[in-house]
Amino acid sequence: MSVIVKGLTKHFSPGAAPAIADVSFEAPSGGITALLGPSGAGKSTVLRAIAGLETVDSGSVAIEGRDCSRVRVQDRNVGFVFQNYALFEHMTIAENIGFGLRIRRRSRREIAERVAELLNLIQLSDLGRRYPSELSGGQRQRVAFARALAVEPRVLLLDEPFGALDVKVRVELREWLHRLHEEIKITTLLVTHDQTDAFEVAEHVVVLFDGKVAQAGAPHDIYDQPSTARLAQFIGGANMLKSDAHADQAQMTSLGVAMPAGHVSGQRVHVLVRPHDLRLTRSTQEAPDLNLGEILHLRRVGGYVKATVRLSNGDHVAVECPKSEIDDLGIVQGDSVLVDVRAAKVFIEDYSI
Amino acid sequence: MRHTHGTRAIRWLLCGLALACVGTLLVIPLVAVFVNALSAGVSTYLGNVTHPETVSAIKLTLLTAGVAVPLNAAFGVVAAWLIAKFEFPGKNVLLTLIDLPFSVSPVVSGLLFVLLFGRQGWFGPWLSDHDIRVIFAVPGIVLATLFVTFPFVAREVLALLQTQDSNAEEAALTLGASGWQMFWHVTLPKAKWSILYGTILCNARAMGEFGAVSVVSGHIRGLTNTMPLHVEILYNEYNFAGAFATASVLALLAVVTLALKRVVEWRSAR
């Protein structure tokens with residue numbers, strides 16, 4: 001039941017940079033795979049190519065081990081959910097959900113039963129006779145899910161399904177999708193630009209940059225072991241600091257960071273530090289000024305404090321720590337603090353934002 | 001408060017001006033048509049309206065609209081669909097051609113058909129060999145009307161299809177619908193009101209067209225006179241009561257059309 005994509009390439013206009021270039025990955029069977037990337041990275045193009053809504057210049061798509069390159073959209077048996085719901089506005093909710101079955105010429109009774117079952121699944125049993133325009137965004141998107149699931153597709157393709165919803169509904173629907181997937185283990189591909197969507201729902205993440213696969217793997221692997229500095233920046237906030245490479249490690253305050261293979265001693269390197277991997281302590285007279293910093297801003301966000309610290313070399317770093325930690329130290333804006341690094345990762349490539 | 005008072009005065013002034021303009025330019029003439037038509041009494045009016053030549057003109061106008069409107073509605077939907085949903089060579093040419101009847105004077109359009117199908121025209125000899133009359137006959141009038149009312153439905157539907165994305169159509173495809181099923185179940189219902197609206201505009205123009213039809217008609221009474229042409233003939237003969245009586249029927253058809261249009265607008269706004 002897996003989806004295997006091999007070497008997908010597509011140019012929208014000849015001569016221009018390809019929308020997607022040699023995209024290959026495998027979406028494991030029965031799991032949720034997120035296609036994550038900034039807008040314009042080609043995520044939707046890949047998804048539409050899998051559905052057959054987009055032709056490709058080269059490459060192949062195999063669903064359940066069957067090559068689909070020459071199969072029409074109608075015969076691929078995929079469920080597709082759009083960002084803007086794309087419901088049939090002139091049909092009732094029940095008619096929307098039953099559309100695929102009606103096209104398949106199923107009996108009225110069978111359609112009615114399946115629609116009732118799906119309305120129950122999306123918790124909208126009372127709204128079957130309503131029209132899409134009478135529903136809220138979150139409800140409409142659940143109807144779109146039900147419509148896609150009605151025909152028992154082999155894969156479920158979701159194109160920014162939470163993109164048009166406000167934050168609260170977005171979180172609710174994300175959790176709903178997660179629970180739904182626990183119930184019906186359908187192979188699912190989720191396109192999103194929001195890393196929270198990807199990390200909270202998916203067990204496999206494919207990151208796309210500029211139409212190419214930047215990295216694929218389990219969410220925590222991508223977070224902890226990003227393959228490039230750009231990817232590290234994209235996945236979660238990150239500070240990018242400069243350091244010098246020594247024999248086998250770069251010195252970051254009290255922490256020696258292991259160097260990746262292929263570095264040259266004395267070379268300038270970039271060191272990635274997550275905001276929550278920085279620790280603030282009170283500055284003391286004896287401390288070396290190497291890691292001394294001044295608190296520029298201090299913002300309390302729920303149980304967390306987000307601080308911007310100017311290091312003695314002029315670099316600004318973002319720091320995140322629990323509120324209690326700051327309260328215990330009694331740190332306020334303008335204070336001098338010591339910044340300690342708990343974990344970091346070194347990149348020797350050229351990096352610029 | 002003074003400020004809002006001032007704007008209210010201006011609002012009333014502007015509304016009054018607008019209403020005065022509409023009244024002078026639109027309402028008074030419309031009323032005048034009916035007043036003049038009925039000036040010689042109801043029996044004269046009924047006599048004028050049921051005059052065989054007037055009845056023939058009404059029939060011809062209805063026939064012309066009856067042929068031209070459905071054809072142009074069908075063509076308009078197909079053309080709009082093609083232009084909005086597909087990329088093909090010659091798309092821009094097609095777009096320009098659709099607008100051609102709007103940009104060319106109707107008289108020139110009529111002349112065009114005379115040049116094509118008239119006795120000295122390109123197809124003239126072939127047509128007279130086969131004893132087919134186009135110019136100065138009903139086919140010519142229908143053709144000219146078809147040409148002039150060509151853009152209405154196409155433009156109206158195209159405007160709708162171009163502003164809406166194709167996601168609903170694509171959803172239908174992924175659910176297994178064939179191209180035809182997608183068009184029938186998704187696109188057509190979506191475009192329903194704009195098709196109807198375009199059709200009503202097309203109908204209004206088809207019934208009222210004068211210039212192009214005048215050139216190809218030949219003004220044969222009881223045979224090739226549509227209502228607008230018949231009004232002109234009667235008027236030129238100083239038969240004002242007759243002219244206004246025919247005009248009143250035409251105006252009545254227009255009022256019905258406009259009322260239909262209002263209903264469609266009201267329904268589609270809901």
Side-chain angles (χ1 to χ4, degrees), chain A residues 12-13 44 47-48 50-55 71-91 95-106 131-134 140-141 143-161 164, chain B residues 73 76-77 80-92 153 156-200 263-270:
Chain A
F12 276 113
S13 49
S44 291
L47 199 73
R48 292 169 59 83
I50 294 170
L53 290 170
E54 204 82 71
T55 57
V71 181
R72 300 185 311 155
V73 195
Q74 291 93 332
D75 303 326
R76 290 198 187 190
N77 200 13
V78 296
F80 205 102
V81 174
F82 295 85
Q83 176 174 358
N84 62 359
Y85 329 125
L87 295 179
F88 309 131
E89 298 291 329
H90 60 286
M91 295 185 202
E95 285 168 347
N96 263 281
I97 297 173
F99 182 82
L101 299 169
R102 203 172 125 208
I103 292 294
R104 285 167 173 71
R105 302 189 176 284
R106 300 286 168 80
Y131 283 88
S133 58
E134 298 173 283
R140 282 193 230 186
Q141 196 56 298
V143 173
F145 273 102
R147 182 179 66 178
L149 290 170
V151 295
E152 288 170 341
R154 291 181 297 168
V155 289
L156 192 56
L157 305 174
L158 316 174
D159 193 358
E160 298 270 8
Chain B
V77 172
W81 165 261
L82 283 176
I83 290 169
K85 304 289 174 193
F86 300 97
E87 288 299 327
F88 53 90
K91 183 168 154 173
N92 282 324
V153 178
E156 202 64 45
V157 177
L158 184 60
L160 175 97
L161 293 182
Q162 279 181 330
T163 54
Q164 298 202 341
D165 58 49
S166 309
N167 285 350
E169 273 90 351
E170 288 174 342
L173 291 181
T174 62
L175 291 167
S178 66
W180 171 247
Q181 284 172 321
M182 170 189 69
F183 179 74
W184 186 254
H185 291 298
V186 181
T187 311
L188 213 53
K190 203 161 80 171
K192 184 171 63 181
W193 294 115
S194 56
I195 293 170
L196 212 56
Y197 187 69
T199 307
I200 287 169
V263 171
V264 168
E265 280 172 341
W266 174 69
R267 290 280 325 247
S268 63
R270 281 205 309 167

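Note on naming: letters A, B, ... go to the chains in the order of the sequence lines (proteins, then strands), and numbering restarts at 1 for each one. These figures come from a predicted structure and were not determined experimentally. What you see below is based on every heavy atom in this structure, not just the backbone, and it leaves out hydrogens, waters and symmetry mates.
Of the two parts of A:Arg147, the backbone and the side chain both hold a non-hydrogen atom closer than 4.5 Å to a non-hydrogen atom of chain B. Heavy atoms closer than 4.5 Å to chain B are found in the side chain of A:Val151, but not in its backbone. Interface residue A:Arg104: only side-chain heavy atoms are found under 4.5 Å from chain B.
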Please output the side-chain donor-acceptor pairs of residues 191-198 of chain B that fall under 3.5 Å, not counting sequence neighbours, one pair per line with the distance.
unit_1	atom_1	unit_2	atom_2	d
B:Ser194	OG	B:Ala191	O	3.0
B:Tyr197	OH	B:Glu265	OE2	3.2

Let me check something: any side-chain donor-acceptor pairs from residues 82-91 of chain A under 3.5 Å, sequence neighbours excluded? List them with distances.
unit_1	atom_1	unit_2	atom_2	d
A:Asn84	OD1	B:Asn167	ND2	3.0
A:Asn84	ND2	B:Asp165	OD2	2.7
A:His90	NE2	B:His185	O	2.8

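Residues of residues 172-181 of chain B lying within less than 4.5 angstrom of chain A, judged on heavy atoms, are B:Ala172, B:Leu173, B:Thr174, B:Leu175, B:Gly176, B:Ala177, B:Ser178, B:Gly179, B:Gln181 in numerical order.
Shown here are the side chain to side chain donor-acceptor pair (under 3.5 Å) partners of B:Glu169, two or more places apart in sequence or in another chain: B:Thr187, B:Lys190.
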